[in-house]
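The chains referred to below are lettered A, B, ... by the order of the sequence lines, with proteins before strands, and numbering in each begins at 1. Computed from a predicted model, the values in this text were never measured in an experiment.
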Amino acid sequence: MFALVDCNNFYASCERVFNPKIKNTPIVVLSNNDGCVIARSNEAKALGIPMGEPAYKIQHLVNIHNIKVFSSNYTLYGDMSQRVMDTIKSVVDSVEVYSIDEAFVDLSSFQLFDIQDIALEIRQRVGQWVGIPVSVGMAPTKTLAKVANHMAKKQAIYNGICILESETEIQNALKLFPVGDVWGVGRKLSKHLQNAGITTAYELSMASDSWIKQNFTITGLKMVHELRGISCVPLEKMVPPKQSICTSRSFGKMVDDFETLAEAVSNFAARAAEKLRRQKSSANYVIVFVTTNRFRQDLKQYANQVVVNLPVASSLTSELIHYALIGLKSIFKEGFEYKKAGVIVSGIVPQDEIQTNLFDELDRERHEKIMCTMDLLNQKMGTDTVFISSQRNRKNNWKNRRELLSPSYTTNWNELPEAKASSDILPKKRIQ
DNA sequence: TCTGGGGTCCTAGGACCC
DNA sequence: TCTGGGGTCCTAGGACCC
């Protein structure tokens, strides 16, 4: 058996933990640049706010219903996620952190009659220790655990925990489960399946192997087997190193000059280099891309990208910035309003398996020491305490809009939550 | 006016090898 | 007239996930 532990309305729930005033008010959290709705509390869902809706389209609802709106605070969510995962790991051993708000658990070492208790314990402990509500779905495969989790969340009778175990239980659940909600079925597949007359997960599980394989390849076949209770997707306890790392942002304002773009790209490259060093790897090439605002069809459109090969695989900030800027120069065109740019590093190899270059003139050992020191300083004193000068060409007018940001309660000494207490005994004192 | 960011996997098709 | 067979590697693009 597998369990899927999923945080309810994760980002919205994070905002509530240190701000109990908004416990029962509708909350939405916006994407970067305060663009779209990416998380909603139950109250906000009940008001009919769809996922992914641009913020300006829900402004009237915000005003009428006094919805609390937040910019996304990934520092807070990342730290809360870590706490949730650590807490789950304190209950069970085999945990796969699947996403920022989800974890799979391998329950094969437990007796079947124990698993209800384990789910209860996880739910209770995460709730008490971290303050985030979670739902638990349990079933013989990961795909079915996803189904069970859905049910635990959607149907109040389950009280946050749903176990699908016997054949009948599973089939009855699948008969009521829309095929489009199955893990691995997206928009395209869903349409394709509907056209073939398959509307429920049960009907999908009954389709013939040959038809599935022909139409949906090996991935589809695995999915169908998982629905039948045959486990094809194992638990992955170890996180494999990333094969590509992307850092990109939409700009708060349109950008039309090279210098500003260069500063943005320098910062993206610096972030990518940090991520590389964190997973102890180096990249063989850097991709730089720029694009104008695709929603503004009244403006001239331009989008381009370029791959720059590095002489030696590298994770040195200064070197990655250097080559990223060479790339940017080659694709930059005057006369456009740029909205977004990004840097992708790829061709990633482990740090200790780098193919060196006979003609390489850089003293890499020395540079690596500098990077190490820089990372330590920035980790201790805050991001970009030390940075490469091209990261600060001019005013930061490309930066994201984040106008509704909550404090980083758990990661910044200056933004710790405050608890105020008063009593009749000490009427004039306020204790913080 | 305002529309996110970061990933993985799979396949088809071309280039190349013997 | 007729033009092999069996591979690998790479890339672009499309699908999916959160």
| remark: Between A/K57 and A/S248, whichever has its closest DNA chain B nucleotide further toward 5' is A/K57
| note | Against the side chain of A/K188, the closest entry in B/dG5, B/dC10, C/dC16 is C/dC16
| task | Report which part of the nucleic acid A/Q59 touches: base, sugar-phosphate, or nothing (heavy-atom distance under 4.0 Å, all strands). | result | nothing
| task | Between A/I245 and A/K339, just flag the one whose closest nucleotide in DNA chain B comes earlier from the 5' side. | result | A/K339
| remark: When rounded to whole Å, the CG to C1' distance for the pair A/L193 and C/dC16 reads 13 Å
| note | Rounded to whole Å, the CD1-C1' distance (A/I287 to B/dG5) equals 16 Å
| Length of the line joining A/K222:NZ and C/dC16:P, which is rounded to integer Å | 17 Å
| Base, sugar-phosphate, or nothing for A/K146, non-hydrogen atoms under 4.0 angstrom? | sugar-phosphate
| query | If you check the A/E102 side chain, which of B/dC10, B/dG7, C/dC18 turns out closest? | reply | C/dC18
| request: Could you state the atom-to-atom distance from CZ of A/F104 to C1' of C/dC17 in whole Å? | output: 11 Å
| query | Any idea which of B/dC2, B/dT8, C/dC18 is nearest the A/S244 side chain? | reply | B/dT8
| request: May I ask you to evaluate whether A/N293 reaches the phosphate of B/dT3, defined as a side-chain N or O under 4.0 Å from OP1 or OP2? | output: yes
| query | Nearest to the side chain of A/T247, which nucleotide is it out of B/dT11, C/dA15, B/dG6? | reply | B/dG6
| query | Separation of A/Q243 atom CD from B/dG6 atom P, in whole Å? | reply | 17 Å
| message | So, does A/K340 get its side chain near the phosphate of B/dG5, meaning an N or O under 4.0 Å from OP1 or OP2? | response | yes
| field | Polar side-chain atom of A/N378 near backbone of A/T385 as donor-acceptor pair, under 3.5 Å | value | yes
| field | Nucleotide nearest A/R296 (side chain, heavy atoms from C-beta), chosen from B/dC2, C/dC18, B/dG4 | value | B/dC2
| said: The side chain of A/K242 is closest to which nucleotide in this list: B/dC2, B/dG7, B/dG5? | reply: B/dG7
| query | Is any NZ, NE, NH1 or NH2 atom of the basic residue among A/E226 and A/K146 found under 4.0 Å from an Asp or Glu carboxylate oxygen of the other? | reply | no
| said: When both hydrogen-bonding distances must be under 3.5 Å and the geometry is Watson-Crick or G-U wobble, what is C/dG5 paired with, if anything? | reply: B/dC18
| Taking CZ from A/R294 and P from B/dG5, how many angstroms apart are they, rounded to a whole number? | 10 Å
| task | Check every atom of B/dT11, B/dG6, B/dC9 against the side chain of A/C246 and return the nucleotide holding the closest atom. | result | B/dG6
| task | Using a heavy-atom cut-off of under 4.0 Å over every strand shown, decide if A/V182 touches base, sugar-phosphate, or nothing. | result | sugar-phosphate
| query | With no hydrogens and no angle check, is any side-chain donor or acceptor of A/S31 less than 3.5 Å from a backbone partner on A/C36? | reply | yes
| task | Go through C/dC17, B/dT3, B/dT8 for me and flag the one nearest to the A/Y98 side chain. | result | C/dC17
| Which part of the nucleic acid, if any, lies within contact of A/L189, taking any heavy atom under 4.0 Å across all strands shown: a base, the sugar-phosphate backbone alone, or nothing? | sugar-phosphate
| task | For A/N293 and A/L299, run side-chain contact (heavy atoms from CB on, under 4.5 Å): C-alpha distance rounded to whole Å, both residues' side-chain angles, the deciding distance at 0.1 Å, then the answer. | result | CA-CA 8 Å; A/N293 188 347; A/L299 296 177; 5.5 Å; no
| query | Looking at C/dC18, B/dG6, B/dT3, which one has an atom nearest to any side-chain atom of A/R401? | reply | B/dT3
| field | Rounded distance in Å - OH (A/Y11) to C1' (B/dG6) | value | 10 Å
| request: Would you classify A/L30 as touching base, sugar-phosphate or nothing, given that sugar-phosphate means primed atoms plus P, OP1 and OP2, and contacts are heavy atoms under 4.0 Å? | output: nothing
| query | When A/T292 is tested against each of A/Q301, A/M254, A/K333 for side chain to side chain contact (heavy atoms under 4.5 Å, CB included), which residue passes? | reply | A/Q301
| CD on A/Q171 to CE on A/M206, rounded to 0.5 Å | 5.0 Å
| Using a cut-off of 4.0 Å on non-hydrogen atoms, how would the nucleic acid contact of A/D101 be classed: base, sugar-phosphate, or nothing? | sugar-phosphate
